[in-house]
Each structure stands twice: as structure tokens, then as C-alpha cells.
Amino acid sequence: MSLRIYNTLTQKKEDFRPIRPKDVRMYVCGVTVYDRCHIGHGRAAIIFDVIYRYLKYKGHRVVYVRNITDIDDKIINKANEEKTEANVIAERYIYELHEDMRLLDVLPPTHEPRATEHVSDIIAMIQKLLDNGYAYHLNGKVFFSVSKFKPYGRLSHKRVEELLAGTRFEPDEDKREVPDFALWKPAKPGEPSWPSPWGQGRPGWHIECSAMSTRYLGDSFDIHGGGRDLVFPHHENEIAQSEAATGKTFVQYFVHNGFVTNESVKMAKSLGNIVTIREVLEQTDCETVRLLLLSHHYRSPVDFSHKTLMESSENMERFYLLLKEIGTKLRTFPGKLAKVPDERLSSEEKSSLEPLLRFPKRFEQAMDDDFNTALAIGYFYDMARVLNRILHNPGDDPSLGPSLLAFAKDCFEKQGAVLGLFQSDPEAYLGQRKEKSLEAASLKEGEITRLIEERDMARKAKNWNRADEIRDYLVSHNIVLEDGPEGTRWRIKEF
RNA sequence: GGCGGCGUAGCCAAGUGGGAAGGCGACGGUCUGCAAAACCGUUAUUCACCGGUUCAAAUCCGGUCGCCGCCUCCA
């Protein structure tokens, strides 16, 4: 079974064939560190994190590079505003970025290069482009000459003639043609700068990714990713720079993720409609965020709202209530659990257990089809329903139930790990939720347990009026009671 | 204006040639003192609209309408 990936270059799903069959090399454009990351950045990070995890799950060795842009106009502007140095701003937000990634359980990439650490690579590549005749130098500036690179527009499917006629490009009297873009720009006084054959200056935005991807992954590699908004001009320009410098095919597969929207409008700092990762994680937990984002196909937009977040949150809680119950059940079976006895199952049992027994296969089929995490998550729900049925209807064969539960637990652990879901200890997860929501609740835990005890007394005395009065009072404080065989449990309805 | 995407139930959402996944909600049932949770069942004769290709279309082609993105920094 082979993986298929939608390739922006061809606008089709293609079989994935890495250049070196077992090794996959992937480069993803990270963030410019001038402010806190918002949930849109989080989505991109999570999607490529899942792609990284799945490629490893499939048995590939993966070298994953995600860069940090730590020198840029926006960083310099912010430094000027705060009357400090650009590197102070960059360091601060690199720290925040790492904190965000850790909180979202995004694995660290193999390499996380920074533009400022690769200025010599950048200068070498610019020199090569000048030598090859694809770039020109004027007044301390170096530009890439778009019309020299014939395949320009291959990724974004734009025509160079139309771009030449366009007006929406950064104006610069030293450019020969409007779509030409800066490889090197001279520094203004007081700005961070590096010496170069063209004077003191700093790199243009696009060249850092060409230089760093080549440095870590070679002239040609397999996957290049980023948000849709990077298709043009950023990735188009990277192709031009890299291929003009090396003469080789730059990248096999370009993968682009869709946006997070707010009221159906792209979330962007310039539009002032962002929600930061940190703000979201104050309200909810990492796995809820991952569940919400991964319940949509990575190329489609996701509307981020309180409602969708709460829905995911409740689903996450239900999954963990199930996992907790599975854990409890399995602890009462201390012996070694046999494998699921396939041959002992009737065809009727097989078909009703199919969502469980065939889960790993289904999961892989979904993920192989262009990382269809939404479908894969649907299969988790199907499996959960079967498990709840087993737990509440043990059936005749006493050894069958536990071996099925053990099998399911493995699935939640192993396939869940690909999505970064179901990785917490159920008791700890549910406990944390309770703690978090208690902070927002208007009652203290002691008060709640005291009321539950009082209600129990009332129930034993068959004083249903008093019992219901207490329950209604708790519901009005967002606390739901569940009377079970082991007594009364409580949980927070919504937070 | 150019390029690209989307329009599937009350809401969210997967599905790109031959059975309309899944979640939320709603309704009925089992369980319960009553609930909650869980389970069972019902909830799209039809996929924005119109036309075409095909034995067969949500899916392919053409057109119309609506929404969004990129074309300037952007995940």
C-alpha cells in the first residue's frame, strides 16, 4: 500500500516515491520570529508534525528541517519600536515559539536552522547565481532576474508575461523588471548587517530557505511544505533560486496547508483577527486543539470558534472516559493477554468487531490517501463505539473481551501517536481537565463532594426532591453528576 | 483582471465514476427513583443551480450563482 500526496506542482495526488527509497528529506518553512504565534501557525506546525510522524510510522528515516527566520523587516521594526536590538526580539520569540511547540506536543524537527547562522551559505548561493547569470548587482543590492529563469511560475501556475505587466510588486528603481526580487539588500545605518562582496547588508527573505535546505538536505529533496500563502512568491522564488544555482530539480513534492479562519476569514495579524496559541491553551488542552485541527482535511480551511473548540473538547473527554474504563478493566486481568483469537470468532462477531479489528488497516488507508486525518479520526470514533459495546456487554467468552480491549489500547497508543492524540494517562488527563475547569467554576471541590454526600443521604432516604434540588444546583454551576455502580462521579459540563 | 480552492443533513465534516463515513444536535428505545454517561434505532431518494458525457455522476466536461484565498508581508 503506498502513500499518495497532493502535489501543488502538478495539482494532483501522486504516488509518493522518495529519491532514496527509505530516506525522506522534508523542509518546511517555519515562522518569522517577531511576535507570538497564532493558531494558524499552530495548524501548519501540527500538520507537518503529523506528516513527519506518519512517514516515520511507515518505516522511513526522515530528516525534517524547519527553519526560523530571525532577520527581517518586521523584526527590525519591532526592535525599533521597543528601542532594542533585532536579536533581542528574535531570541524572545524563538523562546516563545519553542514553548508553543512544546505545549502543542509538536516534535522538534531534526534541524531548526536560523537565517543568521547561515549567512555564509546564503552569500555563496547568491554568488553562484551571479556567476550563472541569473542575478545582477547594483548599488549594494542583488536581485534575481525572473525572466532569466524560464520555468518561473511552474508552482503557482502564473505566467511570467502577466507578472511582468503587474504592478503589485515592491517598487525599487534599481530593479530591471518588476517581478525581480531581492537576494541581498544593503543595511540602513544601525540595522543588523553582515559583510559581503556587495557591501554590508542582509539577505532577502527567499534566499535563506534555498541556502538552508540545500545545506541540510542537498540540491534535491522530497517534500517542501508550508502554508498556502507561501506558494507565491516565496516557494516559487525558492525554486527559481535553487534550480538556477544547482541546475537540478529542487523538490519532488510541494505540500501546502489551508488556513485557519475566523468567521470564515483568514486569520492573519494584518487583519487583526488572530487568536494566539497561548490564548487557546488557556481555555483548553493540546489534544483538544489537535483533534479540532486534524478533524479537517489539511488543505481545507478550518474555522476556529468557541463552539467547534468545545465540541472537540467534549469528544476528547469521552475518548478519555473510555480509555480510563479500558484501563480499569485490564488491570483486573493481571495475566498475559492472548492475541485476539481471530479463528474463534464467528463471521457475525467478525463483522460487528470490524471497526476494531481492522482499525490499523483503515487508519493506514486513510493516512495513505494524502494524510486524510479527518477520515482516520472517524475510524477512532467507530472503534470507540465497538469498545463501549464490549464494555457494557461482555459476551460469553471471558477471555475475548480483555484481549480485544488490550488490542484497542495498543491502537490508541500506536496510531494515536501518529496524530499526537490519546497519549496522556487517562486519570491524569481527566484530572487535569477537572482542575482546569474548577478554576473557572464557582464552586470549590470540597463543596461539590460535600453536596454529593448530602445528596447520597437524601437518595438513601428516598428524598428525591432534595436529591434533585442538589443536582439542579450543581448543574446551574456547570457540574454534571453521573450515578454509577461505584458511586456518584462528577464532571464539568463545559468550560 | 489573472491563478487556485470551496459550496454535501439544523450545524461541523469525509468522500473525485457503481454502497452518501464520522462528530454535534434532535427524536424514540434500553439502563436509571428521575437523570447523566453508554448502547440500540431514526434523522440527506440526494450532494448550490442549469445543461452535457456515460450503462452509471456528489465525483468528469461546459455554463450560472454564492463564498474564500493568492497575485504586497503572511502558516
Side-chain angles (χ1 to χ4, degrees), chain A residues 8 11-13 28-32 34 37-48 66 69 72-74 77 153 156-159 161-163 165-171 179 181 205 225-234 236 256-261 264-271 274 291-292 295-297 299-303 305 307-308 310-312 314-315 317-318 321-322 325 355 362 366 369 372-382 384-393 459 462-465 467-468 471-472 475 480-484 488-491 493:
Chain A
T8 309
Q11 301 178 326
K12 283 199 281 273
K13 283 186 201 171
V28 173
C29 291
V31 296
T32 301
Y34 74 107
C37 289
H38 59 69
I39 201 67
H41 299 112
R43 184 184 191 197
I46 287 170
I47 283 162
F48 289 102
R66 190 185 61 211
T69 299
D72 163 275
D73 287 349
K74 288 195 291 287
N77 291 343
S156 55
H157 305 95
K158 292 180 190 300
R159 276 187 243 150
E161 310 86 75
E162 276 162 14
L163 294 171
T167 52
R168 301 177 73 166
F169 285 91
E170 210 175 329
F181 55 91
W205 174 37
R228 283 192 77 82
D229 46 2
L230 297 182
V231 173
F232 189 89
H234 186 55
E236 193 69 60
H256 293 102
N257 66 274
F259 300 124
V260 174
T261 59
S264 302
V265 176
K266 179 187 173 185
M267 193 181 281
K269 202 159 159 51
S270 51
L271 297 172
I274 62 162
L291 181 70
L292 169 58
S295 292
H296 298 66
H297 189 93
R299 283 184 279 116
S300 306
V302 180
D303 207 49
S305 68
K307 181 171 173 277
T308 53
M310 283 311 113
E311 213 174 285
S312 295
E314 302 234 337
N315 283 335
E317 171 158 337
R318 283 174 43 233
L321 286 168
L322 169 64
E325 218 174 324
R362 291 180 175 198
D369 185 11
N372 194 336
T373 54
L375 186 58
I377 287 170
Y379 293 146
F380 273 105
Y381 286 109
D382 289 339
R385 188 178 305 116
V386 172
L387 292 166
N388 273 311
R389 209 186 299 155
I390 293 168
L391 285 165
H392 296 272
N393 264 317
R459 290 178 69 213
K462 297 204 194 293
N463 183 355
W464 307 127
N465 284 343
D468 292 351
R471 188 172 59 198
D472 291 346
V475 165
V480 185
L481 299 187
E482 290 175 18
D483 298 325
T488 301
R489 287 195 303 208
W490 65 272
R491 63 190 178 86
K493 192 170 160 238

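Here the structure is a predicted model, which is why all the values come from computation and not from measurement.
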Categorize [X] for me: base, sugar-phosphate, or nothing, with a 4.0 angstrom heavy-atom threshold over every strand shown.
{"X": "A:R43", "answer": "nothing"}
{"X": "A:V265", "answer": "sugar-phosphate"}
{"X": "A:L375", "answer": "base"}
{"X": "A:S300", "answer": "sugar-phosphate"}
{"X": "A:K269", "answer": "nothing"}
{"X": "A:D73", "answer": "nothing"}
{"X": "A:G153", "answer": "nothing"}
{"X": "A:F48", "answer": "nothing"}
{"X": "A:S264", "answer": "sugar-phosphate"}
{"X": "A:G40", "answer": "base"}

Using the [atom1] atom on both, measure [N] against [M] and round to a whole Å.
{"N": "B:rC68", "M": "B:rC50", "atom1": "C1'", "result": "23 Å"}
{"N": "B:rU54", "M": "B:rG1", "atom1": "C1'", "result": "36 Å"}
{"N": "B:rC60", "M": "B:rU16", "atom1": "C1'", "result": "9 Å"}

Handout entry: A:R385 and A:N388 side chains, donor-acceptor separation under 3.5 Å
Key = no
Problem - Non-hydrogen atoms of A:D303 and A:S264 that approach each other most closely - result: OD1-N, 2.8 Å
Problem - Min side-chain heavy-atom separation A:F48-A:R66 under 4.5 Å - result: no
Practice task
Report, as a single string ordered 5' to 3', how protein heavy atoms within less than 4.0 Å touch nucleotides 33-44 of chain B: B base, S sugar-phosphate only, - not at all.
Solution key: BBBBSSSS----
Fill in the blank from the handout: The side chain to side chain donor-acceptor pair (under 3.5 Å) partners of A:D369 (sequence neighbours excluded) come to A:K13
Just the atom pairs and distances: protein N or O near nucleotides 47-49 of chain B's N or O, under 3.5 Å.
none

Completion exercise
Checking B:rA75, B:rU16, B:rG4 against the side chain of A:K13 (C-beta onward), the nearest is B:rU16
